[in-house]
Structure formats: C-alpha cells, structure tokens
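Only one structure is covered here, and it is reproduced in the block below.
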Protein chains: 2
Amino acid sequence: MRKLGTRHENLDRKVYRELKSMIVDRKLKPGDKILQEKISQEFGVSRTPLMCALKKLEQEKLVQAIPRRGFYVRRFTKEEVLEAFELREILEGLAARRAAIIITAIQAERLRGFFTDADVSESGQGIKRYADEDRRFHNFLIELGGFDLLNDILENYNIITVSYRVDVMEGLVRHPRETLPEHRALIEAIASGKPDLAEKLARQHFARSRQQLLKEMELEKARRPSKPAASHPRAVRTSQQEPGP
Amino acid sequence: MRKLGTRHENLDRKVYRELKSMIVDRKLKPGDKILQEKISQEFGVSRTPLMCALKKLEQEKLVQAIPRRGFYVRRFTKEEVLEAFELREILEGLAARRAAIIITAIQAERLRGFFTDADVSESGQGIKRYADEDRRFHNFLIELGGFDLLNDILENYNIITVSYRVDVMEGLVRHPRETLPEHRALIEAIASGKPDLAEKLARQHFARSRQQLLKEMELEKARRPSKPAASHPRAVRTSQQEPGP
DNA sequence: GGATTGAATATTGTATTCAAAAATCACTAA
DNA sequence: TTAGTGATTTTTGAATACAATATTCAATCC
C-alpha cells in the first residue's frame, strides 16, 4: 500500500514553506506588509494557496493579520523571546530526560557528532555556522525525546524560531565560547543515559540564556527610560521600496 | 484610536469556531468525512472560508487532511491523550506556580468560586456539569499563569480538548469524588499564594490521572491482546448515514 | 459468482472574478 | 503652505468556475 498523504504536496504547503523561510531568513523583515498580489506572482500561484499559507503562519504568530488591511511580518518582543526560553527550559528539559532514557546506540553516536568541529572564534562566519548547528542540535534533542505532541508544538509553534529573534549574534543570546561546553556536557549526559543530569543540564542551559536576556533587557530599559514602541504596524512600507533621498 | 483586528470578524473565523464546536460536541464524530459542499451549504457560506477553517483545524490536529481525498475528523489514540496529560502536568504545574505568585485578591475570589456547588453524585447530569466546570477551571488556571505563549499553545493546540477524549464519564479520567478534593486544595494553594505547594498539587493531580489512564490502557491491552486498529480512515462513511440492518 | 475494467459522477485543489473596504491622490479652502 | 474632502486606485475577503483526481457502479471477462 502506498503512503497516503505524502505523495501529493499541496500548493499551499509549498507556499507555506517558501514564505516561512523568507521570514526566517529575513528576506521579509518584521513590519513588512505582505503584498499578496506581488508574492503570489513571484511564486507563480494564485492568491488562494497564498492566503492559506498566510493563515497558517498567522496561527504560528509569524505574521499578524489585520482584517481588511492585510498581513504583516510580525515582530517579536523581548518579552516573547523570554517566554519562549522559559517554556523551552521545561519542555526541552523534559525532552532531554526522556531522550536519556530511550536513546539507542546509533542515536547516541549521531548525537555525539554535534559540535565536533565548532568554531568558537570571533568570525561572523563561525558564529553563523554555530547558530545553525545550535538549531539542528535542539531540534534533534526534541526528536530524541520521542514526544510526538511536544515535537509538533515546538516545531509548528515556532518556539524555537522565536528564540532566535534576538538582534545580535545571529540570534544567539550567549557566545558559543560559553554555550559550547554546556552543549557538550548535555550531549554526554544524554548519550550515556543519565536522565536526571540531562534534564538538569538542559534546564541550566536555558536558565542561563534567560538570565542573560533579562540582563540585556534591564540595560536597555535603563538606557531608554520611556520610549513605548508602536505595537501595531501603521502605514508600514515594504522593505523592497527604494530608500528616500 | 479604534481597536484593530477586532471589529471585523472574518467568515473563516466563524466557520472555524462553528466547526470546532461541532467536533468537540461530537456532532461530527471521529472518522467522519467532512463533506465540504454539505457543510458549506449548511453554514450558508462558500467552500473558500470552510477550506480555510479546515486547514486551521488540521494544524490543530482536530481533523486530518488526506490530499485529494478530503478532511476527516480525527480520532485521538489513548497514547495521545496520555501525552497530553504528560504535557499538562508540567505546563499547568508551571502555570499554577506563577498564578500563586501573581494572583490578585479579585482573581483569588473568583478562583475560590469554582466547584462551590459541585454535585459529586452518580447522576449523568452532575458528571456533565462537573466536566464542564473542570474545563473552565483549568482554562482559568492557565489564564492566571499570565503566560501568553503558554495560553496560546494550550488553547490552539487543543491539549485540553485532547485530554477529554476518553470515552467514559464525559471525558473525565477519574470520578469527581476523587478529583474534587484535589481541585479544592489546588485552588486554596493558589489563592493563598503558595507557589511551591500549588505546583506540587497541580502536578500530582495530573500524575494521578495519568496513572489511572495507564492502568486502563494496560487492562485494555490485556483484554484484546493483538487487534491493531486501522490508522488511516479508509472508505469511511459519514455518521449521517442510516445504520445497516 | 467474483474480480476487473472503464465510463459516469462526485469531490478536491486552485484560478478567476467581483463587491466592499481601505489607501492614495488630486484638488479645494483656510 | 497645510488640513480637509471627494474621486480613483489597490487590496482584501469571499463566491464562483474549472480542471485534475478520486470514487462509484455497471458491464465484461475469467
């Protein structure tokens, strides 16, 4: 019997993926209005599947829909990033615990392969590669937890993505120099089957990033005592337009 | 300035809500195929907003989309319900902790108003009302936690809904007689601002339901040693058809 | 009688169309 | 100039149209 549901790929799925990566890769920037006509022409599809994809992204909070006005790429607040870390602290802690319990030898080997050739120097290229590896690592960790529902939530809900929405160091909150040993310790704890240690290390990892983020937020607040940002996009221009003279 | 995004209510939102409640209320039963033409006529809208709503429900896992075949009301496995409880154990534990920290006097009063006139007798009516109150209570608890992201996830991801997908006692895993004192203790812990106790009680509450569920699953497995259920709906009839002789 | 084939029918996925709302622009008056 | 106002253009939200695919069912063959 052939697998159902995988043979055909609906257009809206393709559009969804394409659009999502455009947002994640910052080709569409926070605040940008999504011009449906333009994008659908660009993708060579009608507005119907695009609309579908946009609704999906709205549910994921990657875009914001304003009725009768359109869709805008959403901007995450530091508070939201903080919440995402708080959630990841417990959720990935749980995943790490379960991973340590059910991990197989083959998976352990693959896990140990992460961050083997990490470049901890200052180079921008190195940071970028580390950030990518970081993402892959955490995704794999969740996968190892064997928690379908959790997997789904973290993936579809973009908790991971949100976490990288800090504006420095490719979205990393702390420098690889600091996080690399933590990652390695966590890897070892899971690979060698130590649930308690794994959970503790995973939680510590996020707790520390959270503290760092909090510290930055305090600093920022101290610098700009009261400058409330506009919460809704109003008369936002697309980033594609020519900058004024 | 007028509130953006709340004045207009898109059709697909209405259809979404309507459809969702039809599924939750079992007017559409697990396995049922969703006939788009029929439903859209019933709702008096075209298939476009219905399609949108269906895609949303697909993301929430309340319906399953099979390309070129249609949408089916999804059936949750006991395993999924178990996972939902496992997640709720930690997530609502966290919410209870935070609620106990930030709760206001007014909220505490409202919280103490839950389950005041609970009917713990055997009557079906009583059970139904208790189950509804149970849902409202847990939703309020999450709200009290003040965790926007968590709120969203639990709501949109139907973790709560999934939890009530057990086929006995209106979806309740344990009898009110057993859970009522737990609810009351939890309420008191939160209302009187005891974070540690609140988290402990919340987690215990779910852990016990989880154990009960596990026990039932074991029993069931013992009764029917090997009868693998079909994982995909195949030639599923709508529940509207006349039952055969 | 039961499996197989293929035309007829139904349903889906997507494009197109259209009315209503919002944005933009040109024009007038202070 | 600049604020306000009405006409024009864009854009959205939803209905309809249509081609591609799936399902059904009757006729045929073994």
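Letters A, B, ... mirror the listed sequences (proteins, then strands); counts begin at 1.
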**Request:** For B:Glu37, answer base if it contacts any base atom (sugar-phosphate contacts may also be present), sugar-phosphate if it contacts only those atoms, and nothing otherwise; contact means non-hydrogen atoms under 4.0 Å.
**Result:** nothing
**Item:** Over 12 foreign heavy atoms within 6.0 Å of CD1, B:Ile106
**Value:** no
**Prompt:** Are the charged groups of A:Arg74 and A:Glu60 less than 4.0 angstrom apart, N to O?
**Reply:** no
Check the distance between [N]'s [atom2] and [X]'s [atom1] and give it to me in whole angstrom.
X	N	atom1	atom2	answer
B:Leu54	C:dT11	CG	P	15 Å
A:Asp12	C:dG13	CG	P	8 Å
A:Arg68	D:dG13	CZ	P	6 Å
A:Phe71	D:dG13	CZ	P	6 Å
B:Leu11	C:dA21	CG	P	13 Å
B:Ile66	C:dT11	CD1	P	16 Å
A:Tyr16	C:dT14	OH	C1'	20 Å
B:Glu58	C:dG13	CD	C1'	13 Å

**Prompt:** Can you say whether the rings of A:Phe137 and A:Phe115 are parallel (under 30°), tilted (30 to 60°) or perpendicular (over 60°)?
**Reply:** perpendicular
**Request:** Assess the pair A:His138 and A:Phe114: is the distance between their ring centroids shorter than 6.0 Å?
**Result:** no
**Request:** Between C:dT14, D:dA15, D:dA22, spot the one nearest the side chain of B:Val45, thanks.
**Result:** D:dA15
**Request:** When you get a sec, tell me which of D:dT23, C:dT14, D:dG13 is the closest nucleotide to the side chain of A:Asn10?
**Result:** C:dT14
**Asked** Checking only heavy atoms, does the side chain of A:Arg47 share a donor-acceptor pair with the base of D:dG13 at less than 3.5 Å?
**Response** yes
**Phosphate OP1/OP2 of C:dT14 contacted by A:Thr48 side-chain N/O (<4.0 Å)** = no
